[in-house]
Amino acid sequence: MKNTAFQRALISLSHPVSIGALVILLLNDHWWRQVAPSWLTGKIGDFTWLIFAPFLLATILAWLIPPRLKHQEEIIGRGSIIIVGLVFAFAKTIPAFHSLTIWVLETLTGWGNVLRMDPTDLLALPALIIAWQIWDRSAGRSIRLPNRGWVLIPLAVLATMADSPAPNSGISCVNTQADSTLIANDAYLAFVSHDGGATWEQATQQSKGMCQGPAKPVIDSTNSNIQYRFLPDEAIERSADSGATWQREFTFSAPSEPEEAFHKKQENSYLYNQRPVSAVFHEPTGNLVLAMGYDGVLVRTTGGRWQWVDVGYYAHTDFSRADTVITLLSGEMLLALPLAALMIATAAYFLPRSQLIDAGLVLVGLTGLLLTGLAGVMLSVSIYALVGLTLSVAAVVALRWRAPRSGFRLRWKFVILAMAWMGWLITLILFPPALESGYIRGFGIMGAIAVSVLAVPVAFVQARDLYRRRPRALLLLIVIAGISMVLFLLPYVIWSQGGIPFHSTATTYTLVLVIATLVVGNRYLRQLDTSLPTAVDSAK
């Protein structure tokens with residue numbers, strides 16, 4: 001039975017108006033918002049997305065709602081339009097629903113989402129009338145699957161998920177209003193303080209005044225002899241004699257790799273520094289208030305005490321807090337899950353040591369081929385290509401020499417395991433989750449999912465076979481997998497606390513610990529019961 005609802009959704013998505021809306025959205029998000037961010041560019045993005053988004057949802061519902069259902073096409077088409085409209089309206093007006101929507105999108109894609117709660121965006125809802133008309137007019141057309149529809153599906157997904165906001169460098173402006181209220185702004189929101197910068201709350205409407213940058217000294221309005229000047233990324237100095245002499249009052253430490261990674265991960269932006277970007281003297285309290293980007297604000301009180309103050313979700317990084325570390329290492333935690341499945345499947349499959357060595361040689365050969373390809377195609381560095389080819393050739397020669405003795409043969413389980421291990425290594429090394437920002441953040445999530453799809457079924461089969469022979473061995477295997485997850489995350493936790501300077505170094509320690517756990521765990525399993533099936537036996 002033909003899925004006419006799916007074909008009709010593709011026809012609607014291929015309508016000239018839908019294609020035009022898609023093109024305008026891409027231009028708006030990735031060009032106009034960068035050049036001239038404004039209220040208009042935000043509304044253009046919402047209006048154009050509402051035109052084609054229902055058809056994207058319809059392509060999914062068409063495979064979930066059975067064709068035998070009466071009026072299936074109209075239920076899918078009009079239902080998709082209504083669902084998109086309701087989700088859009090609730091996400092723009094209801095805080096709890098907005099937070100849920102953000103969580104779902106970021107969990108599914110791994111990309112920081114820029115969906116903002118703004119009731120004025122409901123002005124874009126009439127775009128759904130256009131979508132309704134497009135769907136209705138597609139009913140009388142002959143069902144010929146348009147090839148361009150297949151191209152438009154991933155393009156529409158990209159336009160939906162890869163929403164590019166105006167550049168956001170955090171709290172970039174702080175100034176005093178006429179009623180002495182302090183107001184701070186990021187690229188989207190405004191925050192107000194009524195106590196000289198000690199506490200902040202989100203403003204009911206966006207408001208921005210003239211910001212004084214850090215290029216000129218800030219003068220104490222109650223005593224013109226007192227001035228403050230700012231050395232970018234270095235220090236803040238104070239003068240009590242109108243600038244004749246200066247004394248250093250506050251020194252900035254260079255941001256660590258985890259600090260930079262955390263802020264880029266939070267804001268989906270490559271912009272991060274520790275320099276003051278705006279400063280104002282608050283006369284009623286005598287406080288000096290500095291806009292510090294992603295770190296919120298820095299306040300100097302009349303008593304000379306400097307303190308970091310949170311503004312909204314902009315806050316000075318504190319890696320002694322567990323939630324901060326979890327946020328930074330969420331991608332590594334996700335990769336730890338398929339690692340457990342890989343450890344179970346690999347340890348159960350390659351119980352004899354000779355088989356494990358052969359498997360290691362195959363992975364070395366595959367790694368060499370990967371290194372060769374990257375060097376030749378992407379890096380154009382001949383020395384890496386030479387090293388990769390050497391590894392591959394050495395692995396093949398060693399396998400040819402060992403195969404007659406070990407009885408090693410390629411079987412489907414091993415092929416799947418090798419692909420899963422390579423996918424896991426590629427994700428970990430080429431797309432390190434903690435360091436990902438921008439659009440490539442999705443690759444870590446997709447890599448972990450792809451590895452899980454390959455590893456979990458094999459792990460289940462191997463665990464089931466092992467349980468039938470010796471339940472105690474399976475229990476030990478689960479313990480080994482749990483230990484491997486902990487040891488995998490340990491170097492990254494130490495890195496987040498400054499104990500390891502570079503993420504790449506932590507990855508090296510991680511790989512050594514994982515290999516050691518696999519080898520030692522395999523040895524304990526073999527000692528537990530020498531009657532356990534070999535790889536050849538279990539593959540039959």
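- Side-chain atoms of Ser278 come within 3.5 Å of backbone atoms of Val174 as a donor-acceptor pair (strictly under, hydrogens ignored).
- Side-chain contact between Pro433 and Leu334: absent, with no pair of heavy atoms (C-beta onward) separated by less than 4.5 Å.
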* Asked: Can you check side-chain contact (heavy atoms from CB on, under 4.5 Å) on Val299 and Arg305, steps first, answer last?
  -> CA-CA 8 Å; Val299 178; Arg305 185 168 65 94; over 6 Å; no

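- Listed by chain and residue number, Ala455, Val456, Ala459 satisfy the side chain to side chain contact (heavy atoms under 4.5 Å, CB included) test with Ala341 (two or more places apart in sequence, or in another chain).
- Note that the CG atom of Leu57 and the CD1 atom of Ile60 stand 6.0 Å from one another [nearest 0.5 Å].
- Distance check, rounded to the nearest 0.5 Å: OG1 of Thr251 to CD of Glu249 gives 10.0 Å.
- Shortest non-hydrogen contact noted between Pro54 and Ser80 is O-CB, 3.3 Å.
- No donor-acceptor pair closer than 3.5 Å links the side chain of Ser239 to the backbone N or O of Ile226.
- For Arg248, the salt bridge (Lys or Arg N to Asp or Glu O under 4.0 Å) partners are Glu234, Glu237, not counting sequence neighbours.
- Atoms CG and CG, from Asp46 and Leu123 in turn, are 9.5 Å apart once rounded to the nearest 0.5 Å.
- Centroid-to-centroid, the aromatic rings of Trp306 and Phe250 come within less than 6.0 Å.
- Evaluation of the side-chain hydrogen bond (donor to acceptor under 3.5 Å, both in side chains) rule for Tyr228 yields Arg238, Arg300 as partners, not counting sequence neighbours.
- Under the rule for a ring-ring contact (aromatic ring centres under 6.0 Å, His included), the partners of Phe319 that lie at least two apart in sequence or sit in another chain are Phe262.
- For the side chain to side chain contact (heavy atoms under 4.5 Å, CB included) test, residues two or more places apart in sequence or in another chain that qualify with Val17 are His15, Ile51, Ile130, Ile134.
- With sequence neighbours left out, the side-chain hydrogen bond (donor to acceptor under 3.5 Å, both in side chains) criterion links Asp195 to Ser193, Thr199.
- Smallest separation of non-hydrogen atoms from Val289 and Gly196: CG2-O, 3.6 Å.
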* Asked: How far apart are the C-alpha atoms of His316 and Tyr294, what are their side-chain angles, what is the distance that settles it, and do they pass the side-chain contact (heavy atoms from CB on, under 4.5 Å) test?
  -> CA-CA 7 Å; His316 189 61; Tyr294 296 125; over 6 Å; no

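- For the atom pair Leu328 CG and Leu435 CG, the distance stands at 8.0 Å (nearest 0.5 Å).
- Summarising the geometry, atom OG1 belonging to Thr508 is positioned 12.0 Å from atom CZ belonging to Phe502; distances are rounded to the nearest 0.5 Å.
- Residues His194 and Glu201 meet the side-chain proximity criterion, which asks for heavy atoms closer than 4.5 Å.
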* Stepwise side-chain contact (heavy atoms from CB on, under 4.5 Å) check, Val297 with Leu290 -> CA-CA 5 Å; Val297 299; Leu290 310 177; over 6 Å; no

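- With Trp424 contributing its side chain and Leu335 its backbone, the two residues share a donor-acceptor pair below 3.5 Å.
- Shown here are the side chain to side chain contact (heavy atoms under 4.5 Å, CB included) partners of Thr302, two or more places apart in sequence or in another chain: Asn287.
- The shortest non-hydrogen separation linking Thr346 to Leu342 is OG1-O, 2.7 Å.
- Counting only distance, with no hydrogens or angles, the side chain of Thr181 and the backbone of Gln177 share no donor-acceptor pair below 3.5 Å.
- Looking at Glu260, its side chain never comes within 3.5 Å of a backbone N or O of Glu257 through a donor-acceptor pair.
- For Thr222, the side chain to side chain contact (heavy atoms under 4.5 Å, CB included) test picks out Asp220, Phe281, Glu283, with sequence neighbours left out.
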* To do: Give the intermediate values and the outcome of side-chain contact (heavy atoms from CB on, under 4.5 Å) for residues Val218 and Val280.
  => CA-CA 7 Å; Val218 174; Val280 66; over 6 Å; no

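- Annotation for Gly423 and Val451: closest pair C-CG2, 3.6 Å, computed over non-hydrogen atoms.
- Checking Arg229 against Gln227 by side-chain atom types alone, no donor-acceptor pair falls below 3.5 Å.
- In this structure Ser320 satisfies the side-chain hydrogen bond (donor to acceptor under 3.5 Å, both in side chains) test together with Asp318, sequence neighbours excluded.
- Within the 4.5 Å cutoff, the side chain of Pro491 has heavy atoms near those of the Ile500 side chain.
- Checked against side-chain hydrogen bond (donor to acceptor under 3.5 Å, both in side chains), Thr324 has no partners two or more places apart in sequence or in another chain.
- Within the 3.5 Å criterion, the main-chain N or O of Gly45 finds a donor-acceptor partner in the side chain of Thr48.
- The heavy-atom pair separating Trp246 from Pro217 by the smallest distance is CH2-CB, 4.4 Å.
- By the 4.5 Å heavy-atom criterion applied to side chains, Ile183 and Asn175 are counted as neighbours.
- Here OG of Ser242 is found 4.0 Å from CG of Asn225. Values are rounded to the nearest 0.5 Å.
- A heavy-atom distance below 4.5 Å is found between the side chains of Trp49 and Val84.
- Nearest heavy-atom pair across Pro432 and Glu332 is C-OE2, 4.4 Å.
- In this structure, Leu125 and Leu50 have side chains that are in contact, with non-hydrogen atoms separated by less than 4.5 Å.
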For residues 510-518, run the donor-acceptor check on the side chains, cut-off 3.5 Å, and write out each pair with its distance to 0.1 Å, sequence neighbours left out.
from   : atom 1 : to     : atom 2 : distance (Å)
Thr510 : OG1    : Phe488 : O      : 3.0
Thr510 : OG1    : Ala506 : O      : 3.1
Thr517 : OG1    : Leu513 : O      : 2.7

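- Every residue two or more places apart in sequence or in another chain that forms a ring-ring contact (aromatic ring centres under 6.0 Å, His included) with His503 is listed here: Tyr492, Trp495.
- Distance alone, capped at 3.5 Å, places no donor-acceptor pair between the Gln307 side chain and the Leu298 backbone.
- Two residues are said to be in side-chain contact when any heavy atoms from C-beta on lie closer than 4.5 Å; Phe252 and Leu231 fail this criterion.
- At a threshold of 4.5 Å between non-hydrogen side-chain atoms, the residues Pro284 and His282 count as touching.
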